[in-house]
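Shown next, in structure tokens, is the structure this report addresses.
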Amino acid sequence: MKILAFTGAGISKQSNIPTFMETPDVREKLFRSFAQSHHTAYNAVIRQLKENMNGAKPNDAHIALAEYGIPIITMNIDGLHRAAGSDAVELHGCLPEDDEMDAAWSLQGKPVLYGDPAPNYEKAYEMVFALEPGDVFLVVGCSFHTAIACDLRDIAKARGARVVEIQSDAAHNVRKTLEALRGPRPDAAPGKSVR
């Protein structure tokens with residue numbers, strides 16, 4: 001049985017990163033057209049996103065996925081999966097480096113904006129199409145508000161995989177779910193990555 005994880009803002013909420021649902025004024029400014037026509041305002045939004053994520057650390061959900069070596073597709077741009085030791089497919093890119101902030105409006109993939117090409121979408125679809133009956137598509141903290149979030153769930157179901165949703169308390173429920181699916185990891189203490 002393979003497990004493939006798909007994560008969204010709900011996994012990082014317990015690392016004190018606000019979700020877009022909690023900050024709707026930010027989401028409406030993450031369009032390529034806005035970045036191109038409002039450089040200063042867009043750069044300020046990206047600075048605010050970066051400040052919201054400064055000091056954020058992976059919580060036990062990120063760490064458990066890394067310890068179990070679960071492949072991950074994420075909609076998040078916070079880098080917490082990488083910080084935990086996972087090599088996640090980041091659908092929406094990442095945030096600019098500190099020395100790139102003044103030119104944030106012109107950068108591609110830092111993050112991927114509405115209206116931008118999203119090259120990792122193809123890889124995500126390929127990963128989900130590779131699921132087989134009996135596999136598990138573990139959805140952690142993803143809403144149903146984006147087309148890709150709905151598409152990937154539908155494809156996983158069509159492939160015969162079991163879709164397991166964790167929509168609350170990811171920091172505690174991801175490890176419990178992985179232990180139920182795969183058994184406990186005797187070589188890993190909670191909070192310590194073995195990768």
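Just so you know, these numbers use all the heavy atoms, side chains as well, and skip hydrogens, waters and symmetry mates.
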Inset, instruction - Tell me yes or no: between the side chains of Q14 and D169, is some donor less than 3.5 Å from an acceptor? - result: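 Q14 vs D169: donor-acceptor pair found between side chains.
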Legend entry - Residue pair Y114 / R27, side-chain donor-acceptor N/O under 3.5 Å: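 Distance-only check passes for Y114 and R27.
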Inset, instruction - Verify the cluster assignment for V112 and L91: are they in a single hydrophobic cluster under the rule of side-chain heavy atoms below 4.5 Å apart? - result: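 V112 does not cluster with L91.
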Inset, instruction - Look at the side-chain heavy atoms of Ile, Leu, Val, Met, Phe, Trp and Tyr, link any pair under 4.5 Å apart, and say whether F137 and V89 land in one connected group. - result: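 Yes, F137 and V89 fall within the same hydrophobic cluster.
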Flag side-chain contact, heavy atom, 4.5 Å: [X] against [Y]:
{"X": "T177", "Y": "V140", "answer": "no"}
{"X": "I46", "Y": "K110", "answer": "no"}
{"X": "Y42", "Y": "L113", "answer": "yes"}
{"X": "R159", "Y": "D135", "answer": "no"}
{"X": "L80", "Y": "I11", "answer": "no"}
{"X": "L152", "Y": "M127", "answer": "no"}
{"X": "I155", "Y": "L131", "answer": "no"}

Legend entry - Pair D102 + R47, salt bridge at N-O below 4.0 Å: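 The answer is yes: the pair qualifies as a salt bridge.
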Legend entry - Partner set under side-chain hydrogen bond (donor to acceptor under 3.5 Å, both in side chains) for H38, not counting sequence neighbours: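 In terms of side-chain hydrogen bond (donor to acceptor under 3.5 Å, both in side chains), with neighbours along the sequence ignored, H38 is linked to no residue.
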Inset, instruction - Sequence neighbours left out, what passes side-chain hydrogen bond (donor to acceptor under 3.5 Å, both in side chains) with R182? Give chain and number order. - result: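 None.
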Inset, instruction - Could you tell me whether Y121 and H92 have their ring centroids closer than 6.0 angstrom? - result: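 Aromatic pair counts; centres sit under 6.0 Å.
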Legend entry - Test item: S86 side-chain N/O and A88 main-chain N/O as donor-acceptor pair under 3.5 Å: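 No: the side chain of S86 does not pair with the backbone of A88.
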